[in-house]
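Let me begin by presenting the structure, written as structure tokens, before commenting on it.
All heavy atoms count here, side chains included; hydrogens, waters and symmetry mates do not.
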Amino acid sequence: MRLSDDQLMDISARFRREMEKGLSNESNATAAVKMLPTHVYSTPDGSERGKYLALDLGGTNFRVLVVKIRTGMRNSVRMYNKIYAIPLEIMQGTGEELFDHIVQCISDFLDYMGMKNTRLPLGFTFSFPCSQTGIDKGDLVCWTKGFKATECEGYDVVDMLREAIKRRNEFDLDIVAIVNDTVGTMMTCAYEDPKCQIGLIAGTGSNVCYMEEMKNIEFVEGDEGQMCVNTEWGGFGENDNIEDIRTRYDREVDGGSLNPGKQRFEKMTSGMYLGEIVRQILIDLTKHGLLFRGRITERLKTKGIFETKFLSQIERYSSLSGLRSILQSLGLDSTCDDSIIVKEVCGAVSHRAAQICGAGMAAVVDKIRENRGLDNLEITVGVDGTLYKLHPHFSTILKDTVRELAPNCKVDFILSEDGSGKGAALITAVAQQGRMDTLTLRDIMARFRREMENGLGRDTNPTATVKMLPTFVRSIPDGSEKGDFIALDLGGSNFRILRVKVSHEKKQTVQMESQIYETPEDIIHGSGSRLFDHVAECLGDFMEKQKIKDKKLSMGFTFSFPCAHTKLDEAVLLTWTKRFKASGVEGMDVVKLLNKAIKKRGDYDADIMAVVNDTVGTMMTCGFDDQRCEVGIIIGTGTNACYMEELRHLDLVEGDEGRMCINTEWGAFGDDGTLEDIRTEFDREIDRGSLNPGKQLFEKMVSGMYMGELVRLILVKMAKEGLLFEGRITPELLTKGKIETKHVSAIEKSKEGLTKAKEILTRLGVEPSEDDCIAVQHVCAIVSFRSANLIAATLGAILTRLKDNKNTPRLRTTVGIDGSLYKMHPQYARRLHKTVRRLVPESDVRFLLSESGSGKGAAMVTAWASRLADQTRQIAETLAEFRLTKEQLLEVKKRMRTEIQNGLSKNTQSTATVRMLPTYVRSTPDGTGERSTVILCIFLKIGRQTTRMICSDPPDIICHSFTAKKSINK
């Protein structure tokens, strides 16, 4: 029973290998430690609130609770509960009987609480191994802890509970989450201690869960963020890899259990089996005459008579009299020596159990440390279970073993005072909070969809905030484009010029050369003429370096500001955004302004064929690679979206056939107060301090230009309220712009995020504690998560519109996407994709990153326009012979008049080309209704002979068609 340090280190290493096998897609099926995903992505953050029902089934007692969580205050949880017994015949009966019994208990509790008419959200703590595909879906893998109810294994226990509720037909519940008791314990303790990322049960059963990096869970979609993994470590050893430390007593207990060969580690460590191991050892020692004078009583032969609670009591007693009284109650007449031996046996069994639990825990904390790339880790383990709580030495031995085997980890253990039932309620609160967010996001989708309709309507467009500007781009590239083009890209403090060569040798290829030019602040805020003179000067420099000043290349202009188009090469600036304020440009055609600046220089010429928004450029760039791309999004310094709309829906553009790309200019969504209910005091403060107060409100809530500032304002308020930095506020922290969006991205990185947080905060003059860094990381996550969710809602509205336009049950499309926030933030893309899937489930959306930016897109639009112009020219050349001038038509008239005269003249009729044949029809009807003679003309053409005409009266003659060979009969 005694294990050496080397053996414990080896057990820890073996368990670590089993964890890795369980996480791997290839080896999970054969792994003994199953590492089951729970779909719990975070621990509580203290903002959870509401009233929840919780069920806790994991042993012979079943508990029903109502948990009330007050708004935003930690330690503000009130619980009311009732415990019900699960009889053995129900534990080992049918599944239907078990769940009917559970529902009967719920019914009694709801009656007791007077809540039968309230549809409460419910969390179900189901403390058995389950395979989960969602937070509210769990297929029972196998029963443990003495349960054997039939027709349950392999079935979704949430569905079974729902069916039982339907059968009873007395109340309804909203089952939001199913969790393991270990997960519930972790969530309960995490509510008190944000560092708690591990849950341990050491009671009737034994298990551990912890927060694992998503990228390490191969069989779950997604690489960013974390998910709680239920290890189900009770199965450790089922593949015989701990046979060297199992004893004959362990095998005896296993052989007599309900599930021989299963849960071997649990049978060596949990309260359900430790008493039985002691009983087997006592029988063996008695057989050898070492105990009880060699007499084995009938009581000692009885399975289960020596309960684990007796181990705790025996090891707690310092005097032998108390110990002997326990043995006497079991019918064992013991001497003092017997009592000493029994106490030693109990100590050996419980000591081994605590040690190997510690070895497993050491493997878990070391894995978390390595996941985070840390030399030293500080972490908290939430613990529940009677063995840990009641045994006098178990917890101490467990902690000592972890400290010995994982010296680089400082591990605190906190006891879960309220058990896994409270944890189920907290998980339900977290999940319900997400569900409420989904309802809010669907509402925002509907609002944005209405704003899109307003922007498309002729009557409502002038007052619409989402302008839905036509771009006159009517299709994406089809792969036949080719040529040499110049592209200009102006949308921020840096201005880019590109030369793009599109060629067709074996396949279409694109070669690009580019140069970046700075746009100084005084030019951004100066006059329009200075701005466009600067652009023309940069363009001249680029063409000089490319040695193409003597060529007149087709040019595309990416101008990333709201413009009204009347043609592809005309764009009137509606309003500046992104800190630009150059005077004399709003209301003017930017193409004319640029042409004027180029003409003023006089040293080169340019053919500006298209002006496009950066969003359109992104869609066209990605459309070159994937012709299903029909949406473009920018999520960077600013944000915007475009998509291909049906022409029949564009009241502002002539024509009903085909499609046209619409630049939504969604940054202005909310400028009319539509989003006031979700804007915060921090959003309003940012808006007031911006260059354009009251404008681009949606953009200010989601884009990279403002995200870092949002975080800074929140941190200042928290520090003022004494929640951060011990209330210290430095001048740097009060300085606008000191926290940038790139800092938010760095802080949210999974491994070095907390280290980065400390570095950044230290530069701001504060001396952050570890708790401060965790809190700041959480603030960053809230701000960036909100941004991703809001973008997903507005994109969801566009996708549902595309789906409706196509009248298809399922949309398959590609979204081209660009922008530093989307590219650089470690969590943003995953959050966006996941929320879009949740909001628009009837779609298959591919997100395609634009590798070359919107500049290439401008070139592609120009290539498309050039191809279109070439096609138009070729068609015009083909049809040129069919187009006649007025002079030609007058000449045709004159010639026709001459031929008519020739056909009417007896002298020239035989040679006339216009024969002018008489028909003997002498008048048109006069409308009097009187009977008149009708001349029926029958034309017979016999071979190539002259037509012969036969006239007949009356008009009721029957006419037949004849061939030349047939005779004519009247």
Side-chain angles (χ1 to χ4, degrees), residues 38 40 42-46 48 52-59 61-69 73-83 123-128 145 177-211 228-234 266 269-272 308 312 354 357-358 360-361 364-365 368 379-392 394-396 398-399 402 411-430:
T38 66
V40 173
S42 65
T43 53
D45 63 8
E48 297 77 16
Y52 306 94
L53 192 68
L55 316 181
D56 190 356
L57 176 65
N61 289 328
F62 168 62
R63 193 160 59 126
V64 188
L65 312 86
V66 163
V67 182
K68 296 179 181 179
I69 307 170
M73 297 170 58
R74 289 194 179 273
N75 305 315
S76 57
V77 179
R78 297 177 65 189
M79 297 193 302
Y80 308 87
N81 71 87
K82 203 170 179 182
I83 295 174
F124 187 11
T125 300
F126 187 75
S127 305
F128 304 92
K145 307 173 192 175
I178 178 173
V179 297
N180 185 277
D181 54 348
T182 324
V183 184
T185 295
M186 180 190 76
M187 296 293 277
T188 299
C189 295
Y191 192 70
E192 313 298 334
D193 181 350
K195 288 194 294 185
C196 181
Q197 298 238 300
I198 304 173
L200 168 66
I201 296 290
T204 308
S206 180
N207 196 13
V208 159
C209 71
Y210 72 102
M211 297 302 293
C228 180
V229 167
N230 167 22
T231 66
E232 285 299 335
W233 79 359
E266 184 173 71
T269 59
S270 74
M272 176 169 275
T308 299
S312 300
C357 275
M361 181 60 70
V364 172
V365 295
I368 294 173
I379 199 164
T380 299
V381 179
V383 194
D384 199 6
T386 51
L387 186 58
Y388 185 92
K389 287 178 178 178
L390 301 178
H391 193 282
F394 187 94
S395 61
T396 303
L398 171 66
K399 293 173 188 176
V402 174
V411 185
D412 293 324
F413 290 79
I414 63 171
L415 198 59
S416 170
E417 298 297 339
D418 302 303
S420 53
K422 175 181 171 183
L426 285 166
I427 292 170
T428 305
V430 171

Distance in Å, [X] [atom1] paired with [Y] [atom2], rounded so as to fall on 0.5 Å steps:
{"X": "Leu55", "Y": "Asn81", "atom1": "CG", "atom2": "CG", "result": "12.0 Å"}
{"X": "Ile414", "Y": "Cys189", "atom1": "CD1", "atom2": "SG", "result": "4.0 Å"}
{"X": "Phe126", "Y": "Asp56", "atom1": "CZ", "atom2": "CG", "result": "11.5 Å"}
{"X": "Cys228", "Y": "Gln197", "atom1": "SG", "atom2": "CD", "result": "9.5 Å"}
{"X": "Thr269", "Y": "Trp233", "atom1": "OG1", "atom2": "CH2", "result": "7.0 Å"}
{"X": "Ile198", "Y": "Thr185", "atom1": "CD1", "atom2": "OG1", "result": "13.0 Å"}

State, with a plain yes or no, whether a side-chain heavy atom of [X] is found less than 4.5 Å away from one of [Y].
{"X": "Leu57", "Y": "Phe128", "answer": "yes"}
{"X": "Thr38", "Y": "Asn180", "answer": "no"}
{"X": "Asp181", "Y": "Asp384", "answer": "no"}
{"X": "Val402", "Y": "Val381", "answer": "no"}
{"X": "Met187", "Y": "Val179", "answer": "no"}
{"X": "Asn207", "Y": "Glu232", "answer": "yes"}

Is the backbone N or O of [Y] less than 3.5 Å from a side-chain atom of [X], with the two atoms forming a donor-acceptor pair by type?
{"X": "Ser395", "Y": "Tyr388", "value": "no"}
{"X": "Glu266", "Y": "Ser206", "value": "yes"}
{"X": "Thr231", "Y": "Val208", "value": "yes"}

Non-hydrogen atoms of Leu200 and Thr182 that approach each other most closely = N-CG2, 4.0 Å

Do you know which two heavy atoms are closest between Thr386 and Thr204, and how far apart they sit?
->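 Reported closest heavy-atom pair: OG1-N, 4.2 Å.
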
Test Phe413 against Val411 for side chain to side chain contact (heavy atoms under 4.5 Å, CB included), laying out the working first.
-> CA-CA 7 Å; Phe413 290 79; Val411 185; 3.7 Å; yes

